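Below is one structure; the comments refer to it alone.
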Amino acid sequence: MNTPMATWSPAIETGLPGIDAQHKQLFDLAASFRGEGDQIRVMKALAALADYASTHLRDEEAMLEAIAYEGLAAHRQEHERFRQMLRELLGEARKLSLDQIATRIEELINGWFYQHILTVDAAYVAAVKSSQSKGQA
Ligand SMILES: [Fe+2]
Ligand SMILES: [Fe+2]
């Protein structure tokens with residue numbers, strides 16, 4: 001994966017508080033992988049991150065469904081790729097070193113997910129805000 005790596009910053013806030021809190025939480029969880037740790041703690045952290053990610057993706061899709069967002073099908077496909085990558089990592093994690101797991105998490109969150117927020121998530125913000133201002137969301 002040759003996506004550039006970046007950490008969370010206010011620059012990637014959408015202005016939708018619930019979404020921003022979930023995005024930030026995923027970066028916080030990802031940041032806990034580098035450094036000291038044992039296999040059991042890391043496997044638990046990985047499961048927690050995958051769980052939290054799936055909650056976020058589901059909540060975001062429900063929000064977009066509620067406003068009949070026209071890009072929803074394409075957005076779901078992007079989320080499905082992310083779910084798939086997380087499933088692969090969960091499946092392989094026992095065979096990986098803790099450093100390798102930390103690197104894979106960085107590629108997924110600080111790489112792929114960061115870019116997703118900047119591009120695919122950023123694309124729905126105007127539609128969500130406009131439907132909120134009409135009192136539909
Ligand atoms: Fe998304
Ligand atoms: Fe998102």
Side-chain angles (χ1 to χ4, degrees):
M1 216 185 287
N2 45 19
T3 317
M5 301 289 156
T7 51
W8 187 92
S9 84
I12 61 165
E13 283 184 331
T14 61
L16 304 164
I19 295 290
D20 288 330
Q22 290 185 335
H23 286 166
K24 185 163 190 307
Q25 177 68 18
L26 277 165
F27 283 88
D28 288 347
L29 288 172
S32 71
F33 280 85
R34 192 60 82 181
E36 301 291 300
D38 59 70
Q39 194 81 27
I40 293 171
R41 188 188 69 79
V42 168
M43 291 305 294
K44 280 187 180 161
L46 199 53
L49 183 136
D51 236 46
Y52 197 84
S54 86
T55 298
H56 167 62
L57 302 179
R58 199 182 51 227
D59 287 354
E60 199 172 84
E61 288 170 11
M63 172 185 78
L64 298 178
E65 211 171 310
I67 65 158
Y69 178 57
E70 60 171 15
L72 179 57
H75 202 128
R76 268 193 215 280
Q77 274 180 14
E78 291 295 314
H79 285 180
E80 202 38 61
R81 286 184 56 202
F82 189 53
R83 289 185 183 99
Q84 180 63 36
M85 291 187 287
L86 279 166
R87 276 196 296 270
E88 279 169 20
L89 177 53
L90 277 169
E92 294 166 16
R94 285 183 193 284
K95 294 177 287 180
L96 301 176
S97 72
L98 300 183
D99 270 356
Q100 286 173 321
I101 293 174
T103 299
R104 293 276 294 272
I105 289 290
E106 280 165 10
E107 287 170 350
L108 280 173
I109 302 296
N110 303 86
W112 193 93
F113 189 62
Y114 186 94
Q115 293 303 318
H116 176 84
I117 293 172
L118 272 185
T119 54
V120 183
D121 283 357
Y124 67 59
V125 174
V128 173
K129 285 183 178 167
S130 111
S131 91
Q132 282 175 346
S133 70
K134 289 178 206 148
Q136 296 168 354

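Computed from a predicted model, the values in this text were never measured in an experiment. Just so you know, residue 1 is the first one in the sequence shown, and it goes up from there. Remember, it's 1-based here, ligands and their atoms both numbered in the order they're listed.
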* **Of all N/O/S atoms in His56, the name of the one nearest the Fe ion (ligand 2)** => NE2
* To do: Return the orientation label for the His23 and His56 ring planes: parallel under 30°, perpendicular over 60°, tilted otherwise.
  => perpendicular
* Structure fact -> Among N, O or S atoms, His23 approaches the Fe ion (ligand 2) most closely through NE2
* To do: Considering only NZ, NE, NH1 and NH2 on the basic side and carboxylate oxygens on the acidic side, decide whether Asp28 and Lys24 come within less than 4.0 Å.
  => yes
* How wide is the angle at the Fe ion (ligand 1) between NE2 in His116 and OD1 in Asp121, to the nearest 10°? -> 90°
* Structure fact -> Rounded to the nearest 0.5 Å, the CZ atom of Phe82 sits from the CG atom of Leu57 at a distance of 6.5 Å
* Report the relative orientation of the aromatic rings in His116 and Trp112; use parallel for angles under 30°, tilted for 30 to 60°, perpendicular for over 60°. => parallel
* Asked: How is the N/O/S atom of Glu60 that comes nearest to the Fe ion (ligand 2) named?
  -> OE2
